[in-house]
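Read through the structure below, which is laid out as structure tokens, and then see the notes.
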There are 2 protein chains.
Amino acid sequence: MLVSSNLRELYPDGVFPAACHSRVLLDHVMSKWGVLVLLALSEGEPLRWSELRRRAQGVSEKMLAQTLRTLADDGPVLRDARPVVPPHVEYSLTEPGAELAAHLVPLMQWIAGHAGDNPTS
Amino acid sequence: MLVSSNLRELYPDGVFPAACHSRVLLDHVMSKWGVLVLLALSEGEPLRWSELRRRAQGVSEKMLAQTLRTLADDGPVLRDARPVVPPHVEYSLTEPGAELAAHLVPLMQWIAGHAGDNPTS
DNA sequence: TAGGTACCTTACTTCAAAGTGGGTACTACC
DNA sequence: GGTAGTACCCACTTTGAAGTAAGGTACCTA
């Protein structure tokens with residue numbers, strides 16, 4: 001069963017390099033908190049920092065701020081900060097971020113279904 | 001744009017836990033060498049240890065053995081060892097592994113296309 | 001004996017992601 | 001003074017995946 005014959009367009013000699021720019025983006029996206037942030041934002045609503053903190057269970061302020069900064073720098077996440085006090089910052093997926101999530105969510109759903117998780121319990 | 005309304009079936013309260021069995025499988029799959037092994041195997045042919053060593057550019061014997069052991073224990077990879085000397089071991093995707101790869105490959109293709117890589121150069 | 005084959009295992013080290021604990025600034029309320 | 005809310009930043013520490021170097025199996029050939 002060939003599931004990836006068109007990988008050959010990207011890697012014609014069948015050798016996959018470990019170190020490349022893809023790896024940097026992949027590692028940010030699949031980082032411990034990155035994937036949870038992207039999943040939360042993939043539901044479509046812009047979310048504020050504090051809401052994301054509630055949604056990514058167990059994340060520290062430091063890791064959330066760092067992760068959001070990284071993802072915004074990488075491109076999948078848009079950071080919309082209003083010039084007000086107290087701060088009011090909203091995060092949402094960019095267009096490329098939504099395309100990314102469209103691939104990421106089915107993967108996570110598959111993994112959740114095969115890892116013996118019972119998240120609805 | 002709702003891209004993941006059915007995530008709510010898995011996580012009805014919208015809170016994504018960081019520590020669960022999914023995380024273990026996800027971390028193995030997306031590990032540095034795990035993803036390259038799965039991509040190589042996703043082309044459909046069973047591959048021997050030494051061929052995988054060539055295909056995952058830069059992997060050490062130790063990391064390759066360790067990664068293959070882990071993925072075989074997790075389930076996506078089948079290890080077929082013949083009782084001969086010198087050893088003859090073939091690795092291939094299990095049925096669940098092929099389903100996993102069906103989700104993983106488009107994700108990697110997307111990321112490769114957006115990370116400024118030029119793998120065909 | 002030495003060298004080769006293919007596929008590992010073990011002991012120890014490195015290092016980047018994650019973690020911990022402190023801090024910032026402003027407003028409102030008790 | 002204290003608490004609460006908003007959203008971070010900095011210095012330092014811990015942790016576990018990855019790395020390095022050495023070891024191993026069993027058989028074959030010169």
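What you are looking at is a predicted structure, and each value in this text was computed from that prediction instead of being measured.
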Open item on the list: Testing the basics here: between A/Leu25 and B/Ile111, what is the closest heavy-atom pair and its distance to 0.1 Å?
Closed with: CD2-CG2, 4.0 Å
Open item on the list: Within the structure provided, determine whether B/Glu90 and B/Leu47 are in side-chain contact (heavy-atom separation under 4.5 Å).
Closed with: no
Open item on the list: By the 4.0 Å heavy-atom rule, please label A/Arg53 as base, sugar-phosphate, or nothing.
Closed with: nothing
TODO: Verify, without hydrogens or angle tests, whether B/Arg23 (side chain) and A/Lys32 (backbone) share a donor-acceptor contact under 3.5 angstrom.
DONE: yes
- [ ] Determine: side-chain N/O of B/Arg69 to OP1/OP2 of C/dT9, distance under 4.0 Å, yes or no.
- [x] yes
TODO: Under 4.0 Å from any heavy atom of chain A: name the first and the last nucleotide of DNA chain D that qualifies, 5' to 3'.
DONE: D/dG5 to D/dC10
- [ ] Look at all strands and tell whether A/Arg82 reaches a base, only sugar-phosphate, or nothing, counting heavy atoms closer than 4.0 Å.
- [x] nothing
Open item on the list: If the threshold is 4.0 Å, N to carboxylate O, is there a salt bridge linking A/Arg54 and A/Glu51?
Closed with: yes
Task: B/Arg82 side chain vs B/Val89 backbone, donor-acceptor pair below 3.5 Å - done: no
Task: Five-pair end axes of the helix from C/dT1-D/dA30 to C/dC30-D/dG1, angle between them (10°) - done: 30°
Task: Length of the line joining B/Tyr91:OH and C/dC7:C1', which is rounded to integer Å - done: 7 Å
TODO: Could you run through nucleotides 13-27 of chain C and give me one letter per nucleotide, 5' to 3': B if any protein heavy atom sits under 4.0 Å from the base, S if only the sugar-phosphate is that close, - if neither?
DONE: -----BBB-----B-
